[in-house]
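A, B, ... follow the sequence lines: proteins, then strands. Residue 1 opens every chain.
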There are 2 protein chains.
Amino acid sequence: MVTSKNCIIRLSRYKNALYRLLSLGFLKVFSETLADEVGVTASQVRKDFSLFGISGNKKGGYQIEALLNKLSSILGKDKLQKVIVVGSGHIGTALMKYKGFEKEGIKITAGFDIDPAKCNKSGTVPVLPIGELKDFVKNDAIKIGIIATPDIAAQQVADLMFEAGIKGILNFAPIRIKSPQDSIVNYVNLELELENVIYFVNALNKPLSLSKDSA
Amino acid sequence: MVTSKNCIIRLSRYKNALYRLLSLGFLKVFSETLADEVGVTASQVRKDFSLFGISGNKKGGYQIEALLNKLSSILGKDKLQKVIVVGSGHIGTALMKYKGFEKEGIKITAGFDIDPAKCNKSGTVPVLPIGELKDFVKNDAIKIGIIATPDIAAQQVADLMFEAGIKGILNFAPIRIKSPQDSIVNYVNLELELENVIYFVNALNKPLSLSKDSA
DNA sequence: CTTGTTTTGTTACTTATTTCACAAAATTAA
DNA sequence: TTAATTTTGTGAAATAAGTAACAAAACAAG
Ligand SMILES: NC(=O)c1ccc[n+]([C@@H]2O[C@H](COP(=O)([O-])OP(=O)(O)OC[C@H]3O[C@@H](n4cnc5c(N)ncnc54)[C@H](O)[C@@H]3O)[C@@H](O)[C@H]2O)c1
Ligand SMILES: NC(=O)c1ccc[n+]([C@@H]2O[C@H](COP(=O)([O-])OP(=O)(O)OC[C@H]3O[C@@H](n4cnc5c(N)ncnc54)[C@H](O)[C@@H]3O)[C@@H](O)[C@H]2O)c1
């Protein structure tokens with residue numbers, strides 16, 4: 001099993017670039033071209049593919065459609081991924097209203113909130129009372145959840161999620177989550193991301209030095 | 001100059017942990033304790049500090065207040081950082097309404113949008129027409145911007161920002177930004193983050209293997 | 001059918017990051 | 001004062017990640 005987050009992120013990028021190329025009418029692609037599209041080296045592309053046993057044709061490159069099938073399967077995009085969101089505040093509703101997840105095969109099937117005023121069973125994405133989370137998740141065998149509550153509530157929400165059978169969390173609250181061994185928590189910490197930009201702006205514009213970060 | 005993004009992110013985490021410790025009444029801390037708080041090794045803490053010439057007291061650990069001053073200065077948190085947001089949609093307004101940035105010394109001073117219906121000069125954070133961006137940024141010498149527009153508009157917004165003197169961007173649009181050498185762009189790509197969680201959930205629950213990602 | 005060209009797949013190399021390990025400094029105890 | 005203990009600070013060692021290089025395969029041209 002490949003455990004490098006960066007590597008998996010690159011696979012997603014390859015996939016997205018391949019969709020672009022496909023929509024432009026290309027049927028096959030060389031590692032060089034794909035690398036340029038994504039902003040990595042051709043070696044990196046071939047190495048990544050090699051790690052997953054993906055092979056192309058010498059001199060012929062890769063068939064985009066076959067490649068996409070492989071990548072989609074690795075990334076779990078061959079079936080619809082159902083996701084719930086806890087916390088129907090600013091971030092939570094932004095996510096629930098976002099149209100872009102659909103075309104990625106990701107469907108937010110429900111939101112949950114502790115505040116009755118935030119609940120609304122009849123929206124496009126229903127927002128349910130937090131008390132209904134466990135049954136909902138169990139019934140629908142949902143494995144992925146998003147935490148968009150204040151930090152103070154995040155751990156207890158996570159515990160509830162794990163109890164219900166969720167195995168993977170994307171957490172927006174600026175706090176570390178204690179999680180079982182067979183689960184995964186990824187963090188989106190916007191304060192840290194901003195702080196990081198601030199550091200590099202200061203650092204790049206104080207002395208003379210060049211270096212970039214890319215993602 | 002330290003150019004490792006991960007290292008800088010850790011500095012931010014140390015800072016946040018130190019504030020917690022301080023608020024709990026601690027005055028000094030050992031690398032071991034801080035490491036536990038942040039979820040890294042003590043060696044890592046000391047090595048990071050060493051890279052920035054931060055030193056403590058043998059046998060005595062680090063004075064939290066002095067340490068915080070150093071870290072804050074490195075991270076540019078010794079002065080208020082003014083930031084603008086372009087795109088007053090779901091993500092953009094979530095950011096503008098977020099109270100948490102203030103206590104981090106980050107102030108979103110204005111939003112900008114192409115849609116007159118989204119503009120509103122009299123809110124807590126005024127939202128101005130995109131045409132006013134350049135003057136505003138120049139007058140206020142703003143160096144940091146956030147892109148929260150659709151992907152299709154992101155590059156042109158970025159170009160406008162760079163032209164106005166912005167040096168660092170946090171970009172929420174799922175697209176790579178071409179940027180000048182002396183600038184920095186960080187990406188928050190929520191689709192990729194979710195896809196990543198999905199991969200690891202599948203990977204961890206298919207075979208028997210253990211491994212975790214932490215942030 | 002042979003020669004030349006292109007591009008993969010993988011091994012070897014390089015660079016970056018993290019951990020180890022231990023001397024030196026600081027502190028406490030005797 | 002001396003010995004014992006603790007914790008830092010930093011080179012050296014170990015791991016991880018990324019790049020380069022090249023043999024082997026595939027194809028095209030003559
Ligand atoms: N909004 C931003 O731009 C921003 C920026 C950085 C970080 N964050 C982080 O993202 C998280 C969400 O931020 P937000 O601005 O959307 O917050 P918000 O206050 O708008 O929304 C939080 C929601 O969570 C609900 N909630 C609280 N406790 C709950 C519980 N135990 N169970 C279920 N729901 C609960 C609240 O009722 C509310 O609807 C916070 O942790 C915040 O620190 C947000
Ligand atoms: N909302 C989410 O949860 C989510 C999730 C993943 C990615 N994203 C990405 O974040 C970005 C913003 O998403 P959103 O949901 O907030 O979008 P949104 O449609 O709610 O808002 C976009 C805003 O940008 C403005 N805009 C468009 N072109 C502009 C221009 N040239 N100059 C200035 N303003 C302009 C629009 O008027 C609108 O107000 C998008 O790129 C989206 O792909 C959002």
* Could you check how far CG of B/D48 sits from P of D/dG9, rounded to whole Å? => 13 Å

* **NZ (A/K178) with more than 12 external heavy atoms under 6.0 Å** => no

* **Closest-nucleotide ordering on DNA chain D, the 5'-leading residue of A/G60 and B/S55** => B/S55

* Asked: Mind checking which nucleotides bracket the chain B contacts on DNA chain C, 5' to 3', with an atom under 4.0 Å from a heavy atom?
  -> C/dT17 to C/dT27

* Asked: Judged by atom type as modelled, is there a donor-acceptor pair below 3.5 Å linking the side chain of A/T93 to the main-chain atoms of A/G89?
  -> yes

* Rounded distance (Å) that lies between atom C1' of D/dT8 and atom CD of B/Q63 -> 14 Å

* Structure fact -> To the nearest angstrom, the CZ-P distance between B/F30 and D/dT8 comes to 7 Å

* Asked: Relative to the 5' end of DNA chain D, which residue comes earlier, A/V40 or A/N57, by the nucleotide with the nearest heavy atom?
  -> A/V40

* **Distance flag, aromatic centroids of B/Y62 and B/F49, threshold under 6.0 Å** => yes

* Mind checking B/S43 for me? I need base, sugar-phosphate or nothing, with any heavy atom below 4.0 Å counting as a touch. => base

* Across the strands shown, which category fits B/Y62 at heavy-atom distances under 4.0 angstrom: base, sugar-phosphate, nothing? -> sugar-phosphate

* Establish, from distance only, whether the side-chain atoms of A/Q155 and A/D159 form a donor-acceptor pair under 3.5 Å. => yes

* Check: A/S50 side chain, A/R46 main-chain N or O, donor-acceptor pair, under 3.5 Å -> no

* Asked: Ion pair present between A/K15 and A/E104, side-chain N to carboxylate O less than 4.0 angstrom?
  -> yes

